[in-house]
Amino acid sequence: MTTVIKHALRASAGMFGSFRPEGWNPRLRVHLRGPAPAGGELVWSVARPDGSPWFEHRVAVPELDAQQTTVLDLQRWVDGGDLGEPGTVAFALRIVSALDGVDLPLHTGSLTAVALDGEQRYAIDNDWMLGLGLLCLNAVDEYDAPRLTATIFLKGQVDTSRLEAHCFHEGRRIARATFVDNRHAFTANDGTVVGQEITVSFDDVRGWNNLRDSGWGSDWHLLDQHDGAYQVTLSRDSTVARVIRFEVSDGRITTEGAVEDDPGSGAVILVDAAVEGSLDGAWRTDGAPAFYGDAVTAASWVGVDAVYARRIDRPVAPDPVFDDQTTAALQAFVDRAERLLTTWEAGLLDSTPPFDTGQMLAADAVLREQAEYSEMRDKVVSVPGEHPVTIASGPASVGDLRERMEAVFAAARSRLSGAAQAEEDELAPYRALLAGDKLAVFEEHPANAFVYTTTDRRVIETPEELAAAEYWYFEGPLDVPSTASVDGVTVKVSVQGWRVLGWQFDETGAIVDEFETQGPGSSAPKSAFQRDR
């Protein structure tokens, strides 16, 4: 039985063979899988919108065995034969061979052309594809460890440099797409691009790894080792445009959607792609799918088992049995990891510099808990990483918790080290100009924490002014002892006061004199910032 690969039909729906002003004339690209008879032809019969015959086009088909495929372009060039108005045309595909006496129906379907702005401008209506996603584990390119690949359809024209895709597991981003490719452009009859088929691939997310015992791909995220909720998100101009959601259970992608055979990538799962935002512009949500007739299709539909045909099943080891001490230690580790992740993970991993004081305190608080957490982690080092556990956010594994906690601590260290470096950069201009006692006093009183003044209480604002000043002063609060009379009894009390510390330096930066004055009141008088000469 010769089969039509419907994925290929979908990919070519918007192409046109006519660029003439008379109207529109469709083109199809058909993938065929053998066996195909000797001397065969692919016959493409197309009706006008009113149901009357429009044209019949024949293309020779090479003889194919059961494992071979071929691609055929169907396009009819006849002067004056284009349609000059929009509408829906029905079509049928047959393979015939007079030599072998074969006349085999392959597929019936339809194409709907819509009018675009401007004179005699038409395009195939592909709006029904915008909510469609194609998900596969590309076992053709690398069957021992197939990449997660998703195909998404966008309306209009967009440069792939403006697109990026990410994969999430249980709400946590695990990978950015390695490749974002424009596989096909849908065009109007004047050549204008009206839509694109975008495919994204994740090198770091694989369906399985048949060779993992060799250590190959040890840093990959393997779907068959991590059950749970996943989503692939495509962003267009930094705005989310599509979201594909799917589940992995018992190591396999679960789906209620159809699965079709594709010779280019293996079994493809048809899934919903949620359309987000408004970058696609206006589009019809009620359009009927093109190509799919009710009567005939020889498309090769398969089951989800075909997705995993190349995966080597490994015997599942029984859950380990732990002694009471290990069980208690494991529960303590899980509880601590869950608390730390719930409290700190999102804030640390999702924020970017510059960081405010609260964020710095958060990083410091996390790192203060690292030592105790590490003791708990080390007590369960014998527990396999794949051992399943359950936390508030859902199912996980011991290895997941370890990895996520390391990421949290790394983010906290990075935040603090970045802040320390920023402080060093801020103080570097001062340190470059100061020497001797001036530099020593400055290190005890850094400019980002103290207000420097000089004679007559003038604030020093620049590194150059600080280096040139003969006198440095600092003012601070002080509790000044005093006495008071209460009911005729004298008691000792403290009142608000001020204290001014000062230094005098020579031209080399050496201290000539140190002095201190203090007194009651909310602030020091100007005279406290003057020295007799």
*Under the ring pair (Phe, Tyr, Trp, His ring centres under 6.0 Å) test, which residues partner H166, sequence neighbours left out?*
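In terms of ring pair (Phe, Tyr, Trp, His ring centres under 6.0 Å), with neighbours along the sequence ignored, H166 is linked to no residue.
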*Could I get the full list of ring pair (Phe, Tyr, Trp, His ring centres under 6.0 Å) partners for W344, not counting sequence neighbours?*
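By the ring pair (Phe, Tyr, Trp, His ring centres under 6.0 Å) rule, W344 matches no residue at all.
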Just by modelled atom types, is the [Y] backbone N or O under 3.5 Å from a matching donor or acceptor in the [X] side chain?
X: R242; Y: L130; result: yes
X: N209; Y: A145; result: no
X: R415; Y: Q359; result: yes
X: H169; Y: D227; result: yes
X: E41; Y: S97; result: no
X: H387; Y: V383; result: no
X: T342; Y: E338; result: yes
X: Y122; Y: G84; result: yes

*Around atom CG of D219, are there more than 12 heavy atoms of other residues, nucleotides or ligands at under 6.0 Å?*
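Atom CG in D219 is packed in, count exceeds 12.
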*More than 12 heavy atoms of other residues, nucleotides or ligands under 6.0 Å from CG of D103: is that the case?*
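Counting other residues, nucleotides and ligands, CG of D103 exceeds 12 neighbours.
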Determine the minimum heavy-atom distance between [X] and [Y], stating which atoms define it.
X: S45; Y: E56; value: OG-OE1, 3.3 Å
X: M129; Y: F186; value: CE-CZ, 3.6 Å
X: L223; Y: V248; value: O-CG1, 3.3 Å
X: S161; Y: D159; value: N-OD1, 2.8 Å
X: V59; Y: D73; value: CG2-O, 3.9 Å
X: A115; Y: P86; value: N-CB, 3.9 Å

Within the structure provided, determine whether [X] and [Y] are in side-chain contact (heavy-atom separation under 4.5 Å).
X: F202; Y: F179; value: no
X: L106; Y: L104; value: yes
X: N182; Y: E197; value: no
X: N189; Y: D82; value: no
X: L64; Y: P35; value: no
X: V43; Y: L93; value: no
X: L32; Y: T69; value: no
X: I95; Y: P37; value: yes

Could you state the interatomic distance from [atom1] ([X]) to [atom2] ([Y]), rounded to the nearest 0.5 Å?
X: R311; Y: D144; atom1: CZ; atom2: CG; result: 12.5 Å
X: Y230; Y: I244; atom1: OH; atom2: CD1; result: 15.5 Å
X: S201; Y: N138; atom1: OG; atom2: CG; result: 7.0 Å
X: Q370; Y: R413; atom1: CD; atom2: CZ; result: 5.0 Å
X: I152; Y: L132; atom1: CD1; atom2: CG; result: 10.0 Å
X: R173; Y: Q231; atom1: CZ; atom2: CD; result: 12.5 Å

*So D50 and S52, side-chain hydrogen bond (donor to acceptor under 3.5 Å, both in side chains) or not? Walk me through it.*
CA-CA 6 Å; D50 62 6; S52 63; 2.6 Å; yes
Salt bridge present between [X] and [Y] (N-O < 4.0 angstrom):
X: R377; Y: E406; result: yes
X: D400; Y: R402; result: no
X: D204; Y: R147; result: no
X: E369; Y: R339; result: yes
X: E164; Y: R236; result: no

*Show your reasoning for whether side-chain hydrogen bond (donor to acceptor under 3.5 Å, both in side chains) applies to Q68 and T70.*
CA-CA 7 Å; Q68 291 179 304; T70 189; over 6 Å; no
*Applying side-chain hydrogen bond (donor to acceptor under 3.5 Å, both in side chains), run through T151 and T199 and close with a yes or a no.*
CA-CA 4 Å; T151 298; T199 297; 3.1 Å; yes
*asked:* Evaluate W44 against L28 for side chain to side chain contact (heavy atoms under 4.5 Å, CB included), listing each step before the verdict.
replied: CA-CA 9 Å; W44 183 28; L28 288 181; 3.6 Å; yes
*Non-neighbouring partners of D335 that pass side chain to side chain donor-acceptor pair (under 3.5 Å), sequence neighbours left out*: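 Only Q331 meet the side chain to side chain donor-acceptor pair (under 3.5 Å) criterion with D335.
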*asked:* Does D203 form a side chain to side chain contact (heavy atoms under 4.5 Å, CB included) with W220? I'd like the steps, not just the answer.
replied: CA-CA 8 Å; D203 262 354; W220 290 334; 5.6 Å; no
*Could you check R252 against D305 for salt bridge (charged side-chain N to carboxylate O under 4.0 Å, His left out), going step by step and ending with a plain yes or no?*
CA-CA 9 Å; R252 292 158 61 100; D305 287 347; 2.4 Å; yes
_Worked check of side chain to side chain contact (heavy atoms under 4.5 Å, CB included) between L134 and V271_ = CA-CA 6 Å; L134 308 176; V271 295; over 6 Å; no
*asked:* With side chain to side chain contact (heavy atoms under 4.5 Å, CB included) as the criterion, how do I253 and I269 come out once you've worked through the C-alpha distance, each side chain's angles and the decisive distance to 0.1 Å?
replied: CA-CA 9 Å; I253 296 175; I269 305 170; 3.9 Å; yes
*Sub-6.0 Å ring centroid separation between H57 and F91*: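 So the answer is no for these two rings.
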*Determine, using ring centers only, whether F409 and Y373 are less than 6.0 Å apart.*
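When the ring centroids of Y373 and F409 are compared, they turn out to be within the sub-6.0 Å range.
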